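To start, the structure itself, in structure tokens.
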Amino acid sequence: MRHISHRVSVEVLLVALLSLGSAAAGAAEFKSIATASSQTAARSAEQIGEWKTGGSSIWSAADAVLLDQSSSLVQNAEARSSATATFGLLTFVSRTATTQTSVSGVQPGTRAESMASTEAADSFVITCLTCVDGTRGVMNFRVVLEGDVGMSHSSTNSTTGQPIPGPDREMSYFWSANLTMRASGVAAEFPGPGWVSQYGYDYLAMVNDRVVAGASREGTGIYNLQLEFEFGRPIEMLWQGTAMSSSFLHDSADTVIGALTAQSYAAFTNSFYWDGISSVTDADGNAISGFTALNGAGVSYAQSFADVVVAVPEPGMGALTLGGLALLATLARRRRG
């Protein structure tokens, strides 16, 4: 029999020792979708996306932009959205804006709506050289959720810039973010040991300056969380994020010479992410050092994902809107002449 000599590095041996007897983390799965639609008096545009899925980073984007102009009326409707999912990080952005200026006094109305949604399912296993697989431990970790929301509207005289009564301006935004974690071998009925669910949302709808609907739970910020788990067994995670916005300029039977605007947004860019494991202890409260927290692809959840760079550009607004407003001023000057 021929004997073959193998030289194995210390690093390879350590990885092999840490993985002996441990249950493997499952493969990650990512999903994203983005939609946008807009409408003026003359036409409409929409980009209706479908769910994209994959085992690595994934993204979706949509936009529907209209600019219609005549000698007496200019309408601009913009809807944009984007969503990204990668290891330890989600982004989801929705922006809408509408403008309308009538020199003749006819106000036919315009609208814009967009939505972005994304998910990430992943799992990781915590091990260490001195830890016995199947024994209990406690993990302290941090999750960060940061984002911006807002809305604005106006109804002004095109010549003087002074506020005037006009058709209703309607705006809304909504966002939700959820992280659910389940530790295999510990989690039974929810809620209880071995489970974490961090869920927040915010919804606001306004007509002019009047709030017509709204609700919220939790909010943005830094969340310090804790999970009981078993060494060597998978900790499953499901990340979810959604953003929606809409902007409407209602039509009017009355003659209104002036400019109307409405815009709203919910933007979570590089801001729903895993911020690392701060400590791990055994069931007796003894600190564990030298632990690993690896998923099936070898990505470490012991680290923070705050510095992950997402290549998808965040949907911007305003270029066409500002251009439309400049054109409105020109039309108004021509009308006065």
Side-chain angles (χ1 to χ4, degrees), residues 31-38 49 59-63 78-86 88-98 111-120 141-154 168-181 191 196-225 237-249 261-275 305-306 310 312 314-318:
K31 301 172 63 178
S32 66
I33 188 172
T35 67
S37 65
S38 60
W59 65 274
S60 299
D63 64 82
E78 300 183 46
R80 304 180 189 269
S81 61
S82 70
T84 306
T86 188
L89 171 69
L90 299 183
T91 75
F92 39 103
V93 180
S94 170
R95 295 184 183 274
T96 57
T98 54
R111 68 168 183 84
E113 300 173 281
S114 71
M115 182 276 292
S117 189
T118 184
E119 295 184 6
F141 62 100
R142 189 161 72 172
V143 173
V144 177
L145 173 63
E146 297 175 342
D148 296 318
V149 295
M151 56 178 58
S152 64
H153 72 92
S154 66
D168 285 338
R169 287 83 64 198
E170 182 178 345
M171 305 140 290
S172 71
Y173 66 74
F174 168 81
W175 66 262
S176 68
N178 178 57
L179 170 61
T180 301
M181 300 179 65
V196 164
S197 180
Q198 185 62 44
Y199 175 63
Y201 69 88
D202 187 19
Y203 167 62
L204 182 64
M206 297 185 68
V207 175
N208 303 331
D209 293 323
R210 185 176 75 257
V211 175
V212 295
S216 63
R217 181 182 187 274
E218 296 295 342
T220 58
I222 299 172
Y223 292 93
N224 293 291
L225 304 171
M237 301 185 296
L238 176 62
W239 298 74
Q240 298 170 305
T242 297
M244 304 171 65
S245 65
S246 65
S247 300
F248 290 80
L249 299 176
T261 68
Q263 62 178 327
S264 61
Y265 63 90
F268 289 76
T269 307
N270 292 9
S271 51
F272 187 28
Y273 62 87
W274 180 269
D275 202 25
F305 291 81
V310 179
V312 181
E314 193 266 342
M317 301 293 293

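If you're wondering where the values come from, they're calculated on a predicted model, not measured in any experiment. Residues take their numbers from the sequence shown, with the count starting at 1.
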Taken in chain and number order and not counting sequence neighbours, the residues that satisfy side-chain hydrogen bond (donor to acceptor under 3.5 Å, both in side chains) with Y265 are none
Listed partners of S117 passing side chain to side chain contact (heavy atoms under 4.5 Å, CB included), at least two apart: I33, W51, M115, T242
Tell me every residue that passes side-chain hydrogen bond (donor to acceptor under 3.5 Å, both in side chains) with N178, counting only those two or more places apart in sequence or in another chain. T180, Q240
Answer whether the closest heavy-atom distance between the side chains of S172 and M244 falls below 4.5 Å. no
Quick one: does V143's side chain get under 4.5 Å of Q198's, heavy atoms only? no
Shortest non-hydrogen separation from T86 to A120 and the atoms involved: O-CB, 4.4 Å
Please name all residues satisfying side-chain hydrogen bond (donor to acceptor under 3.5 Å, both in side chains) with T35, sequence neighbours left out, ordered by chain then number. none
Within a strict 4.5 Å, meaning less than it, do heavy atoms of the Y173 and D202 side chains meet? yes
If you compare all heavy atoms of F92 against all heavy atoms of A177, which two are closest, and at what distance to 0.1 Å? CZ-CB, 4.2 Å
Holding to salt bridge (Lys or Arg N to Asp or Glu O under 4.0 Å), I want the full list of residues that pass it with D275, two or more places apart in sequence or in another chain. R142
Of all heavy-atom pairs linking A116 and A83, the shortest is CB-CB, 4.0 Å
Side chain proximity check, F272 to T118, heavy atoms < 4.5 angstrom: no
Shortest non-hydrogen pair, A85 vs K31, comes out as CB-O, 4.0 Å
Kindly write out the residues that satisfy ring-ring contact (aromatic ring centres under 6.0 Å, His included) with Y203, not counting sequence neighbours, or none if the list is empty. none
When you measure from the side chain of T261 to the backbone of S154, do you find a donor-acceptor pair of N or O atoms at a distance under 3.5 Å? yes
Exercise: do S114 and S81 side chains pair donor with acceptor under 3.5 Å: no
Scan the side chains in residues 215-224 for donor-acceptor partners under 3.5 Å anywhere in the protein, sequence neighbours excluded, and list what turns up.
{"from": "R217", "atom 1": "NH1", "to": "Y199", "atom 2": "O", "distance (Å)": "2.5"}
{"from": "Y223", "atom 1": "OH", "to": "G219", "atom 2": "N", "distance (Å)": "3.4"}
{"from": "Y223", "atom 1": "OH", "to": "G219", "atom 2": "O", "distance (Å)": "2.5"}

Residues two or more places apart in sequence or in another chain: which of them pass side chain to side chain contact (heavy atoms under 4.5 Å, CB included) with M181? F124, M139, F141, L179, V196, L227, I235, M237, W274
Residues in side-chain hydrogen bond (donor to acceptor under 3.5 Å, both in side chains) contact with S152, at least two apart in sequence or another chain: Q263
Ignoring hydrogens and geometry, is there a side-chain-to-backbone donor-acceptor pair from S60 to S32 under 3.5 Å? yes
In terms of side-chain heavy atoms, does R111 have a donor or acceptor partner in S37 at a distance below 3.5 Å? yes
Within-4.5 Å side-chain heavy-atom neighbours: L249 and H153: no
Ignoring hydrogens, what is the shortest heavy-atom contact between A79 and E113? Give both atom names and the distance. CB-O, 3.2 Å
